Amino acid sequence: MSGCDHPGLLPMEAALERLLALAEAAPIEQNELVALAEADGRVLAEPLIAALDLPPWANSAMDGYALRLADWNGQALPVSQRIQAGTAPVSLEPGTCARIFTGAPLPAGADTVEMQENVELDEAGRVHFREPLKIGQNVRAQGQETRLGEGVLPAGTRLGPIELGLAASLGAAQLSVRRRLRVAVLSTGDELVEPGQALGPGQIYNSNRRLLIAWLQRLGCSVVDAGILPDDLQRTREALGALGEVDLILSTGGVSVGEADFLGIALREAGELALWKLAIKPGKPLTFGHYQGVPVIGLPGNPASTLVTFGLLARPYMLRRLGVQRVEPLGFAVPAGFTWRKPGMRREYLRARLEQGRVVPYANQSSGVLRSAAWAEGLAEVMEGSTLSEGDMLRFIPLSEILG
Ligand SMILES: Nc1nc2c(c(=O)[nH]1)N[C@H]1C(S)=C(S)[C@@H](COP(=O)(O)OP(=O)(O)OC[C@H]3O[C@@H](n4cnc5c(N)ncnc54)[C@H](O)[C@@H]3O)O[C@H]1N2
Ligand code: MOO
Ligand SMILES: [Mg+2]
């Protein structure tokens, strides 16, 4: 495999680097306190600091008997108390053991738990332990997971079920999170009609709007639906200018070189385009600019181009504005289940599946075919300038890594 530069097309890494630098220059810095129940998908604004030791007290990892090992010389021990989870034990009487259950606090004086399967009880109810016993066995020490005051999650953490569970375990009822990113979604195209309406000649249904709004909602954004914009320069200027209250305008279509592609023109007259034309397929005419100070990402109109550029470029940009550090999907290396004979000038993101551990691309990779992505489990990355034989390794980015 070898790299290959295309004059005028920006390589993927450079495009992403530029976008992330633009994001860092426009960070969202307002925070809000939200209940845990509302925090899924949000970004932590301040580190989560442990307000207690976890576990708060030493407890038993097993159902069994607690003893002080130094008190035991092989003799049977009487049971002096019974301790269930949720109760407070008294100190262990010397020369005795305590009946104890999983998650119950260890009584002061005890340091070891034996599981009930390993002991025998005699008629007098005394417990016969067997060698060997190891001091501390089956005891979960106070603070073994987390110490009071310790930083548990850094600011910039994207909260999901695991982080919310962890915050709950530390007793946090509310978290300080970045406010939602406000994103306007604009669909450009004279041909677009909303589902539910009849199609006229030359018309198609608007799929990008639904795709993007659902995706943005999963990302925790607050969405302004700016509807459909006709292919008209003056209307484009007006529409962009009317969306001032948002953090980002996300449009689809109108960024290529056609005579009805006005989004790029409107952005260019408003100032410098920070980004246009990338060495990727699909997604070449991806555009970034500003309109009256508001960042605008112009996603190419073809639905698979919208999907790829949103997932691999716009999504990282948006997360970085909220302070998330790791914003790019990792993916993993898998062997190709296909051959690739013609090295391309652009890096390709094939809509593909894994079959028997190998990447199989959808047969029709046209950027107009959204069905390819519904069939796919991920994006298979074919580097610019490379050829592939079956079994050669390439990166596979599961859609699940970028869809939320
Ligand atoms: N002469 C050239 N033509 C094109 C080039 C080029 O380099 N030279 N690039 C092609 C590539 S690559 C792409 S990608 C598209 C991008 O076009 P635009 O972003 O300008 O988008 P449109 O022209 O408005 O639409 C493209 C295509 O997508 C359909 N579309 C648009 N919006 C939606 C929507 N909301 N829902 C469903 N489908 C949508 C539209 O009907 C077109 O078929 O340009 C190539 N052309
Ligand atoms: O970049 Mo376009 O998205 O190849 O079809
Ligand atoms: Mg066009």
Side-chain angles (χ1 to χ4, degrees), residues 6-12 15-16 183-197 199-216 223 225-233 235-236 239-240 249-268 273 275-289 296-314 342 344-351 361-362 364-374 376 379-384:
H6 183 283
L9 295 187
L10 196 62
M12 183 62 169
L16 190 59
V183 183
V185 174
L186 196 57
S187 310
T188 77
D190 283 342
E191 72 278 34
L192 301 179
V193 170
E194 289 305 326
Q197 294 174 252
L199 278 187
Q203 294 184 320
I204 59 165
Y205 288 116
N206 182 358
S207 57
N208 290 335
R209 175 174 173 232
R210 281 276 70 84
L211 180 147
L212 287 177
I213 290 177
W215 202 341
L216 288 164
V223 180
D225 181 357
I228 294 173
L229 179 69
D231 293 319
D232 177 89
L233 182 56
R235 295 282 299 273
T236 303
L240 292 174
I249 298 172
L250 204 56
S251 68
T252 57
V255 288
S256 188
V257 294
E259 287 178 359
D261 290 334
F262 294 115
L263 202 278
I265 295 172
L267 289 180
R268 209 172 281 112
L273 278 190
L275 215 65
W276 189 48
K277 287 200 177 169
L278 275 47
I280 58 172
K281 186 177 178 182
K284 179 173 71 172
L286 186 277
T287 302
F288 185 101
V296 182
I297 298 182
L299 305 171
N302 280 312
S305 315
T306 292
L307 166 86
V308 167
T309 51
F310 182 85
L312 300 184
L313 294 156
K342 222 176 117 208
M345 310 263 223
R346 298 189 272 160
R347 188 171 303 181
E348 300 223 12
Y349 290 96
L350 306 175
R351 279 73 70 211
Y362 190 73
N364 185 344
Q365 290 289 328
S366 159
S367 56
V369 177
L370 188 56
R371 191 175 169 188
S372 61
L379 301 173
E381 187 178 55
V382 180
M383 303 302 275
E384 49 272 53

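If you're wondering where the values come from, they're calculated on a predicted model, not measured in any experiment. First listed ligand is number 1; within each ligand, the first listed atom is number 1.
- Set against the non-hydrogen atoms of N302, the atoms of ligand 2 under 4.0 Å away are 5 (O).
- Counting only heavy atoms from C-beta outward, the side chains of L313 and L16 approach each other to under 4.5 Å.
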Handout entry: Pair D261-V255, side chain to side chain contact (heavy atoms under 4.5 Å, CB included): steps then yes or no
Key = CA-CA 6 Å; D261 290 334; V255 288; over 6 Å; no

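- Within the 4.5 Å cutoff, side-chain heavy atoms of L212 are placed close to those of L299.
- The closest heavy-atom contact to atom 2 (Mo) of ligand 2, among the options G301, P303, G283, P300, comes from G283.
- Looking only at protein heavy atoms, the nearest one to atom 23 (O) of ligand 1 is D261 OD1, 3.5 Å.
- Of all the atoms in ligand 2, the ones that sit under 4.0 Å from a non-hydrogen atom of P282 are 1 (O), 3 (O), 4 (O).
- Nearest protein neighbour of atom 22 (P) of ligand 1, counting heavy atoms only, is G254 N, 3.8 Å.
- Assignment of G189 to the shell around ligand 1 is not supported, since no heavy atom sits closer than 4.0 Å.
- The protein heavy-atom contact nearest to atom 3 (O) of ligand 2 is S305 OG, 2.3 Å.
- The shortest N or O to N or O distance between S305 and ligand 1 is not below 3.5 Å.
- Two residues are said to be in side-chain contact when any heavy atoms from C-beta on lie closer than 4.5 Å; Y349 and I280 meet this criterion.
- Nearest to atom 35 (N) of ligand 1 among the protein's heavy atoms is N206 OD1, 2.8 Å.
- For ligand 1, the polar-atom distance check finds an N/O of E191 within less than 3.5 Å of one of the ligand's N/O atoms.
- Taking atom 5 (O) of ligand 2 as the reference point, the nearest protein heavy-atom neighbour is S367 OG, 2.4 Å.
- The two atoms that bring F310 and L250 nearest to each other are CE1-CD2, 3.4 Å, heavy atoms only.
- N206 and S187 are linked by a side-chain donor-acceptor pair at a separation below 3.5 angstrom, with hydrogens and angles left out of the test.
- Those atoms of ligand 1 that come under 4.0 Å of a heavy atom in V257, given as number and element, are 1 (N), 2 (C), 8 (N).
- Among protein heavy atoms, atom 25 (O) of ligand 1 sits closest to G301 CA, 4.1 Å.
- Protein N/O/S atoms found under 2.8 Å from the Mg ion (ligand 3), listed by chain and residue number: D261 OD1, D261 OD2.
- Interface atoms of ligand 2 facing K284, defined by a heavy-atom separation under 4.0 Å, are 1 (O).
- Here the CG-CG distance, from L216 to L211, works out to 9.5 Å after rounding to the nearest 0.5 Å.
- The structure places CG of L379 at 7.5 Å from CZ of R351, a figure rounded to the nearest 0.5 Å.
- In terms of heavy-atom proximity, G301 sits nearest to T306 at O-OG1, 3.8 Å.
- With hydrogens left out, the protein atom closest to atom 4 (O) of ligand 2 is R346 NH1, 3.3 Å, a heavy atom.
- Scanning all heavy atoms of the two residues, the minimum distance from L240 to I249 falls at O-CD1, 3.9 Å.
- Side chain of S256 to main chain of G258: no donor-acceptor pair is present (N/O by atom type, distance under 3.5 Å, no hydrogens or angles).
- Residue contacts with ligand 1, taken as heavy atom pairs separated by less than 4.0 Å, do not involve T306 at all.
- Distances between N or O atoms of L299 and those of ligand 1 include no value under 3.5 Å.
- Inter-residue side-chain proximity for L350 and Q365 is flagged as met; some heavy-atom pair is nearer than 4.5 Å.
- Taking distance alone, with nitrogen or oxygen atoms compared against 3.5 Å, V255 approaches ligand 1 more closely than that limit.
- L370 and P303 make their closest contact through CB-CB, 4.0 Å (heavy atoms, listed as atom of the first residue, atom of the second, distance).
- For atom 45 (C) of ligand 1, the nearest protein heavy atom (residue, atom name, distance) is S256 OG, 3.9 Å.
- Looking from atom 16 (C) of ligand 1 to the surrounding protein, the closest heavy atom is P285 CG, 3.7 Å.
- Here the heavy atom of the protein found nearest to atom 37 (C) of ligand 1 is S207 OG, 3.2 Å.
- Numbered from 1 in the order shown, with element, the atoms of ligand 1 that lie under 4.0 Å from a heavy atom of Y205 read 36 (N), 37 (C).
- On a distance-only criterion, R346 and ligand 1 share no N/O pair closer than 3.5 Å.
- To the nearest 0.5 Å, atoms CG (L263) and OG1 (T252) are separated by 8.5 Å.
- In this view, R347 and E13, E381, E384 satisfy the salt bridge (charged side-chain N to carboxylate O under 4.0 Å, His left out) rule, not counting sequence neighbours.
- When all heavy atoms are compared, the tightest approach of I228 to G189 is CG2-O, 3.8 Å.
- The backbone N or O of R235 lies less than 3.5 Å from a partner atom in the side chain of D232, making a donor-acceptor pair.
- Within the structure, the closest approach of K284 to ligand 1 falls below 4.0 Å when heavy atoms are considered.
- In plain terms, the two heavy atoms of N364 and S372 that are nearest each other are O-CB, 3.9 Å.
- Looking at P300 against ligand 1, both its backbone and its side chain come within 4.0 Å, counting heavy atoms.
- Nearest protein heavy-atom contact of atom 34 (C) of ligand 1 is N208 ND2, 3.1 Å.
- Among T252, N302, D190, the residue whose heavy atom sits closest to atom 26 (C) of ligand 1 is N302.
- Between the side chain of D231 and the backbone N or O of D190 there is at least one donor-acceptor pair closer than 3.5 Å.
- Distances below 4.0 Å separate heavy atoms of I204 from the following atoms of ligand 1: 37 (C), 38 (N), 39 (C), 41 (O).
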